[in-house]
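Below, chains carry the letters A, B, ... as their sequence lines are ordered, and counting in each starts from 1. Note: hydrogens, waters and symmetry copies are ignored here, and every other heavy atom, side chains too, is used.
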2 protein chains.
Amino acid sequence: MQAIPQENIKDASQGLRAIAHELRLAVLCHLMNGPMCVAELLEATGASQSNLSQHLAKMRMMGILKNERRGTQVYYRIADPAFEGLIMALKNIYCPEMCT
Amino acid sequence: MQAIPQENIKDASQGLRAIAHELRLAVLCHLMNGPMCVAELLEATGASQSNLSQHLAKMRMMGILKNERRGTQVYYRIADPAFEGLIMALKNIYCPEMCT
DNA sequence: TGACAATATTAGATTATTATAATATTGTTC
DNA sequence: GAACAATATTATAATAATCTAATATTGTCA
């Protein structure tokens, strides 16, 4: 009996890689509080427009985020609530004092 | 109130990168069942000796694994049980049917 | 001490990620 | 439909991650 069976290791490691980046992780954390449009994420992260857009695209393609157009703006949100569990587990490691 | 505060994002993303690799994740999963020596991990993963050794070194330096020499063999184990929580959260995403 | 077993390290070429700059797309308003 | 705002895409140069092959280290035992 193994934590994650061999057949799922490849997918799981790809999923990890998809969030294993400073900017992408920051985006994910911001989106924990609900959907945000790109302009808001730009403001919140301080990234360049092009760079943020590319990272959003990557997370979208990896199935981590979903987006929805509203007029001229595009809103992003976390696609699968299970990813929030992952963030929480991370938080437990890197800022345990916040996790009482 | 944010999932992981900005000041911890860098560390957390580095920690993620440290396990965001097929072989390293496989090693971590094997070690969920208890310590193993390098030869056993070689057998279990099918990696080359040099390659495995380098990945073990990386995880050791990132504080994810600890090692202990016993005679001519070296045993590895998960350094911080909180990492097991991370694996479980991953499992919840990539093989939810196993998580009832 | 010499030979062997187990593991670690180094050097190197290859491939993957990343950031920036430039350009393109899409929607809105007049 | 022209001008603008918001976002996406492409090209590309720079950096980082990876694997293999070769070599080094450490411990055991005769």
J.: From the list dT9(D), dT9(C), dA6(D), which nucleotide is the closest neighbour of the side chain of Arg60(B)?
T.: dT9(C)
J.: Could you note down all residue pairs passing side-chain hydrogen bond (donor to acceptor under 3.5 Å, both in side chains) where residues 67-83 of chain B supplies at least one of them, sequence neighbours left out?
T.: Arg60(B)-Tyr76(B)
J.: Send over the distance from His55(A) NE2 to dT7(D) P, rounded to a whole Å.
T.: 17 Å
J.: To the nearest Å, give me how far apart CD (Gln54(A)) and P (dT20(C)) are.
T.: 10 Å
J.: Counting only side-chain heavy atoms from C-beta out, which of dA8(D), dT7(C), dG27(C) sits nearest to Val74(B)?
T.: dT7(C)
J.: In whole angstrom, what separates Arg24(B)'s CZ from dA16(D)'s C1'?
T.: 12 Å
J.: In Å, rounded to the nearest 0.5 Å, how long is the span from NZ of Lys58(B) to CD of Gln54(B)?
T.: 9.0 Å
J.: Can a donor-acceptor pair under 3.5 Å be found between the side-chain atoms of Ser50(B) and the base atoms of dT9(C)?
T.: yes
J.: Hey, could you give me the CD1/CD1 distance between Ile19(A) and Ile64(A), rounded to the nearest 0.5 Å?
T.: 6.0 Å
J.: If you find the nucleotide of DNA chain C closest to Gln49(A) and the one closest to His21(A), which residue's nucleotide is nearer the 5' end?
T.: His21(A)
J.: When the distance from CZ of Arg17(A) to P of dA16(D) is rounded to whole Å, what number comes out?
T.: 18 Å
J.: Using whole Å, report how far CG of Leu65(A) lies from C1' of dA8(D).
T.: 15 Å
J.: Can you tell me the distance, in whole Å, between the CG atom of Leu52(B) and the C1' atom of dA6(C)?
T.: 12 Å
J.: Touch check for Tyr75(B), heavy atoms < 4.0 angstrom, all strands: base, sugar-phosphate only, or nothing?
T.: nothing
J.: Taking the nucleotide of DNA chain C with the nearest heavy atom to each, does Asn67(B) or Asn51(A) sit closer to the 5' end?
T.: Asn67(B)
J.: What is the separation between atom CZ on Arg69(A) and atom P on dA5(D), rounded to the nearest whole Å?
T.: 16 Å
J.: Both Arg70(B) and Gln73(A) contact DNA chain D. Taking the nearest nucleotide for each, which residue is further toward the 5' end?
T.: Gln73(A)
J.: Do Ile4(A) and Leu28(B) touch side chain to side chain, with heavy atoms closer than 4.5 Å?
T.: no
J.: How many whole angstroms separate atom CD1 of Ile19(B) from atom P of dT18(D)?
T.: 13 Å
J.: Within the 4.5 Å heavy-atom criterion, are Leu56(B) and Val74(B) side-chain neighbours or not?
T.: no
